[in-house]
Amino acid sequence: MAQGDATVWQDFFDRDAQTVAPELIGAQLAIDGVGGVIVETEAYAPDDPASHSFRGETPRNRAMFGPPAHAYVYRSYGIHWCLNLVCRPGSAVLIRALEPTTGIEAMRARRGLDNVRLLCAGPGRLCQALGVTDALDGLPVTLPPFRIEPPKAPAIVGSGVRIGLTKAIDVPWRFGLGGSPFLSRKL
DNA sequence: CCTAAGATCATCT
DNA sequence: GATGATCTTAGGC
């Protein structure tokens, strides 16, 4: 599975978000050469009260109902952007944290912060560091400016409850690389 | 260490 | 008009 192998990525993402989310831990994700290793994700499903897709399709969440392996970007709390990778219709994986590996200087400049551990430790921070905006909403992640590569080795994945929700707060669909210092919070 | 509040706006009711 | 898949700062212990 390589960058240009759109068919394989289609199949990879054409499954339930809760199945895809843990398998993305350890994958490499970059936008215009700026990014790193995915260390934290969360899954959102169609019948999930906490999911934006729960009440059906609207202009905002349109991308969640489009083809798999595309981006869904939304604004959070009027301030931050958050990046999801679309799986089956109405389901998506929220990318919550990266271990920065490439383009670190660009991230530092965008975030106005030296501390590498905190550059991408949270969905809003990550999007600021990678320059994610709604301009990327609905674009395929198998083509530039995205670059995505599968994990080089099986990751040791832990799980826990999702963060910041008021509904379905006890579903353990948060996944993370065990012991990584780049998580938004300890698992 | 911790909890609390403010920033700020697209979306939905 | 209320809400939120967040982050930062300020202040208490």
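Chain A is the first sequence line, chain B the second, and so forth, proteins listed ahead of strands; every chain is numbered from 1.
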**Student:** Would you confirm whether A:T142, through its side chain, and A:A6, through its main-chain N or O, come within 3.5 Å as a donor-acceptor pair?
**Tutor:** no
**Student:** Side-chain N or O of A:R75 less than 4.0 angstrom from OP1 or OP2 on C:dG4?
**Tutor:** no
**Student:** How long is the line joining CZ of A:R96 and P of C:dT6, in whole Å?
**Tutor:** 6 Å
**Student:** Is any N or O donor-acceptor pair between the side chain of A:Y77 and the base of C:dA5 shorter than 3.5 Å?
**Tutor:** no
**Student:** Rounded to whole Å, how long is the line connecting atom OH of A:Y74 with atom P of C:dG4?
**Tutor:** 13 Å
**Student:** What's the CD1-P distance between A:I79 and C:dT9, to the nearest Å?
**Tutor:** 12 Å
**Student:** Between A:N115 (CG) and C:dC7 (P), how many Å, whole number?
**Tutor:** 15 Å
**Student:** For the pair A:T41 (side chain) and A:V93 (backbone), establish whether a donor and an acceptor sit closer than 3.5 Å, ignoring hydrogens and angles.
**Tutor:** no
**Student:** In a check of salt bridge (charged side-chain N to carboxylate O under 4.0 Å, His left out) between A:E42 and each of A:R96, A:R185, A:R162, which one passes?
**Tutor:** A:R96
**Student:** Tell me whether the OP1 or OP2 atom of C:dA5 has a side-chain N or O from A:S51 closer than 4.0 Å.
**Tutor:** no
**Student:** If we ignore hydrogens and angles and just use 3.5 Å, is the side chain of A:Q128 paired with the main-chain N or O of A:R110 as donor and acceptor?
**Tutor:** yes
**Student:** Between C:dA5, C:dT6, C:dC7, which nucleotide gets closest to the side-chain atoms of A:R125?
**Tutor:** C:dC7
**Student:** Rounded to whole Å, please give me the gap between CG in A:L165 and P in C:dG4.
**Tutor:** 10 Å
**Student:** Tell me what A:R60 touches on the nucleic acid: a base, only sugar-phosphate, or nothing, going by heavy atoms under 4.0 Å.
**Tutor:** sugar-phosphate
**Student:** What is the distance, rounded to the nearest whole Å, between atom CG of A:L113 and atom P of C:dC7?
**Tutor:** 13 Å
**Student:** Reading DNA chain C from 5' onward, which residue's closest nucleotide shows up sooner: A:T166 or A:G122?
**Tutor:** A:T166
**Student:** Test your reading of the model: is there a side-chain donor-acceptor pair from A:N84 to the backbone of A:A92, 3.5 Å cut-off?
**Tutor:** no
**Student:** Within this structure, what is the OH-to-P distance between A:Y44 and C:dA5, rounded to whole angstrom?
**Tutor:** 7 Å
**Student:** A:D137 CG to C:dA5 P: how many Å, rounded?
**Tutor:** 17 Å
**Student:** Is there a donor-acceptor contact under 3.5 Å from the side chain of A:R15 to the main chain of A:F12?
**Tutor:** yes
**Student:** At a heavy-atom distance below 4.0 Å, which nucleotide of DNA chain B is the first touched by chain A, and which is the last?
**Tutor:** B:dA7 to B:dC12
**Student:** Checking A:R111 side chain against A:M107 main chain: does a donor-acceptor pair fall under 3.5 Å?
**Tutor:** no
**Student:** By the 4.0 Å heavy-atom rule, please label A:R111 as base, sugar-phosphate, or nothing.
**Tutor:** sugar-phosphate
**Student:** Can a side-chain donor-acceptor contact be found between A:S184 and A:E40 if the only test is distance below 3.5 angstrom?
**Tutor:** yes
**Student:** Whether A:R62 engages the ring of A:F65 as a cation-pi pair (distance to the six-membered ring centre under 6.0 angstrom, angle to the ring normal within 45°) should be assessed.
**Tutor:** no
**Student:** Has the side chain of A:D48 got a donor or acceptor atom that lies under 3.5 Å from a matching backbone atom of A:A50?
**Tutor:** yes
**Student:** According to a 3.5 Å limit on both distances, what stems of 3 or more consecutive Watson-Crick or G-U pairs are formed with DNA chain C?
**Tutor:** B:1-7 with C:6-12, B:9-12 with C:1-4
